[in-house]
There are 2 protein chains.
Amino acid sequence: MKRATIYSIAQELDISASTVSRAFSKPELVKESVRERILATAQRLGYEPNRAARGLATGRTGLIGLLIPDITNPFFPPLVRAIEQAAAGAGAEVLLVDSGASGSNEPGLIGRIKAQVDGLIVASPRMATAGLKRAVAGVPTVVVNRAVQGLPTVVCDNSGALREAAEHLYSRGHRKVVLLRGPGAAWAAGRRAQAVRRWAEGRDVELVELGPLEAQFEDGRAAVGELVGSGATAIFAFDDLMACGVIAGLSEHSLRVPADCSVVGCDDVLLARTVTPSLSTVTAPVEELGGRAVEMLSRVVAGETVKDEVVTGTLTLRGTTGDAPRS
Amino acid sequence: MKRATIYSIAQELDISASTVSRAFSKPELVKESVRERILATAQRLGYEPNRAARGLATGRTGLIGLLIPDITNPFFPPLVRAIEQAAAGAGAEVLLVDSGASGSNEPGLIGRIKAQVDGLIVASPRMATAGLKRAVAGVPTVVVNRAVQGLPTVVCDNSGALREAAEHLYSRGHRKVVLLRGPGAAWAAGRRAQAVRRWAEGRDVELVELGPLEAQFEDGRAAVGELVGSGATAIFAFDDLMACGVIAGLSEHSLRVPADCSVVGCDDVLLARTVTPSLSTVTAPVEELGGRAVEMLSRVVAGETVKDEVVTGTLTLRGTTGDAPRS
DNA sequence: CTGAAAGCGCTTACAG
DNA sequence: CTGAAAGCGCTTACAG
């Protein structure tokens with residue numbers, strides 16, 4: 001048996017297909033009694049509007065494309081969920097594309113989906129700006145966690161929380177601090193490094209920078225080798241994954257956290273709660289980030305002009321920060 | 001400027017739209033010289049076939065719907081990626097729907113997307129069988145990691161690896177073992193429990209079962225309280241997340257892993273490598289799981305009959321398993 | 001190998 | 001409030 005259409009319903013009820021169509025797309029234009037009969041037989045026939053047909057007629061697909069670099073990085077799943085749920089609230093579905101962290105083929109991936117979405121949310125921090133702008137030309141696009149001239153943007157600002165963390169460590173006696181930088185091409189990596197660097201300037205603090213490094217557990221762990229014996233008593237890692245690597249590395253060198261060395265991460269992903277001791281970090285309001293992105297995208301799709309938005313991370317002190325060891 | 005269509009290209013080249021259409025959908029039917037000219041001007045005009053129009057004409061959307069219970073559970077991101085990449089290889093895109101672990105609204109979510117996908121991959125272990133079958137009626141569907149009568153299925157069998165793990169612990173002197181069961185409604189939870197239980201039968205092993213429990217870090221941690229002083233020397237957790245909770249809980253009770261207690265997880269998610277000590281667990285071939293699901297779905301969509309498939313997990317011994325403590 | 005034409009299932013001005 | 005009709009941009013038998 002074929003799928004029901006507006007025509008089969010119209011025929012059944014001896015009315016026009018236009019009216020059936022309106023009963024779904026503009027219900028207020030249809031007399032209530034008629035609408036009820038339409039809805040009832042639609043229900044009975046298991047009718048669902050054909051999205052392709054609707055899309056062809058309206059030019060809208062009801063789909064949002066979401067490009068992320070690596071769903072396997074624990075920062076992204078909550079973001080994906082937030083975006084997906086916000087989209088559902090707006091009656092849209094999410095087309096997920098994971099670029100496998102290789103910024104180079106992202107323009108191609110965008111090309112693959114741009115013709116079938118109403119808009120794009122791009123959360124790929126490392127893709128080259130020029131390529132990004134070229135790739136999204138003609139599609140309503142919102143960029144997440146990255147500033148791109150000329151494209152609407154919603155970013156999370158962690159500078160304040162990072163400074164707060166630094167201040168906290170300072171008050172606990174830390175005077176030599178390591179900064180593990182994230183990937184050179186990642187916008188957020190630059191911002192976070194800058195925040196710590198600026199804080200250290202003009203204070204009696206020695207800041208040792210390492211990196212840029214890949215934002216991976218192993219890179220964090222490996223970095224510890226270079227730090228042991230440096231006299232540093234606290235480490236800022238680019239993100240939580242690296243921070244967990246650092247914790248593992250410290251433990252391999254028989255250094256206790258936080259007794260011998262404090263560690264601060266960034267993002268507050270699931271891992272931050274599951275390491276022992278649990279990680280002091282900057283909590284990103286991921287739900288808000290995703291929600292704003294979707295909302296902003298709806299505006300852009302509707303042709304409104306939007307202005308960039310900023311959400312702010314907050315400091316969450318847990319078990320990896322403590323007094324500097326006496327030397 | 002409006003988007004290019006097959007008509008604008010046809011006009012430009014003074015040929016028929018049919019030919020332009022064929023150049024994209026059945027290139028071998030078009031003379032090479034003509035095809036080249038078409039492709040060239042398509043390129044120049046930035047033409048992309050309108051998916052909605054193609055979908056309306058062919059009845060195919062090129063979309064696969066993927067239903068998962070919780071993208072935030074570390075088991076799923078690698079699965080999602082595997083499915084997405086396999087789909088890309090097959091020229092399909094993935095519509096991701098996360099039910100937020102609430103099995104109850106999953107039929108609704110399926111209803112929301114079933115009209116716009118060519119097929120469905122359902123990886124929701126807890127949804128009621130009857131509701132699931134009703135919800136997917138009429139859409140080609142493949143079920144992952146769960147057996148459902150009458151629906152094609154690809155599951156991961158961890159029984160062998162779990163028995164192997166148990167055997168290993170036995171050889172290291174463990175004679176009292178705890179089994180932390182997963183969610184009662186989850187198919188995999190039943191299977192895993194059964195594997196351990198069957199192994200223990202007829203051996204001089206005392207098996208203590210706890211649960212069903214939610215598959216969460218906190219549940220694992222909380223469970224430790226009930227185990228301390230029980231005399232058990234090894235713990236099988238339903239999955240890695242629970243296992244990590246158990247490790248944290250043991251540490252809070254000043255018990256060393258594996259010196260005082262061994263721990264075995266299941267799945268081998270990212271967390272398993274980032275805990276200290278790293279987790280002994282059963283590695284699920286997630287990529288294969290996802291790849292097979294997509295492949296099977298293509299077959300089902302094509303109307304072929306398929307038979308259920310099974311991939312098998314393998315034991316990965318790391319740092320949380322060792323000799324039973326001498327008592 | 002190519003073209004003319006019908007059809008996929010909607011939406012939406014337009015007329016009533 | 002409702003209907004007839006055109007149109008969205010493709011695909012695909014059919015004829016040549």
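The chains referred to below are lettered A, B, ... by the order of the sequence lines, with proteins before strands, and numbering in each begins at 1.
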OP1 or OP2 of C:dC10 sitting under 4.0 Å from any side-chain N/O of A:Ser21? no
Reckon A:Lys26 has a side-chain N or O less than 4.0 Å from the OP1 or OP2 of C:dT11? no
Just checking B:Glu304: does its CD atom have more than 12 heavy atoms from other residues, nucleotides or ligands closer to it than 6.0 angstrom? yes
Evaluate whether atom CZ of A:Arg134 has more than 12 neighbouring non-hydrogen atoms of other residues, nucleotides or ligands under 6.0 angstrom away. no
Take the protein atom CZ of B:Arg54 and the nucleotide atom P of D:dC8, then report the distance between them rounded to whole Å. 19 Å
Please report the distance, rounded to the nearest Å, between CD in B:Glu32 and C1' in C:dC1. 13 Å
Counting side-chain heavy atoms from C-beta on, which of [options] comes nearest to [X]?
X: B:Ile15; options: C:dG3, C:dG9, D:dG3; answer: C:dG3
X: B:Arg22; options: C:dA4, C:dG9, D:dG3; answer: C:dA4
X: A:Ile6; options: C:dA5, D:dT2, C:dT11; answer: C:dT11
X: B:Tyr7; options: D:dG3, D:dC10, C:dG9; answer: D:dC10
X: B:Lys31; options: C:dC1, C:dG9, D:dC10; answer: C:dC1
X: A:Ala53; options: D:dT2, D:dC10, C:dG9; answer: C:dG9
X: B:Val30; options: C:dT11, D:dT2, C:dT2; answer: C:dT2

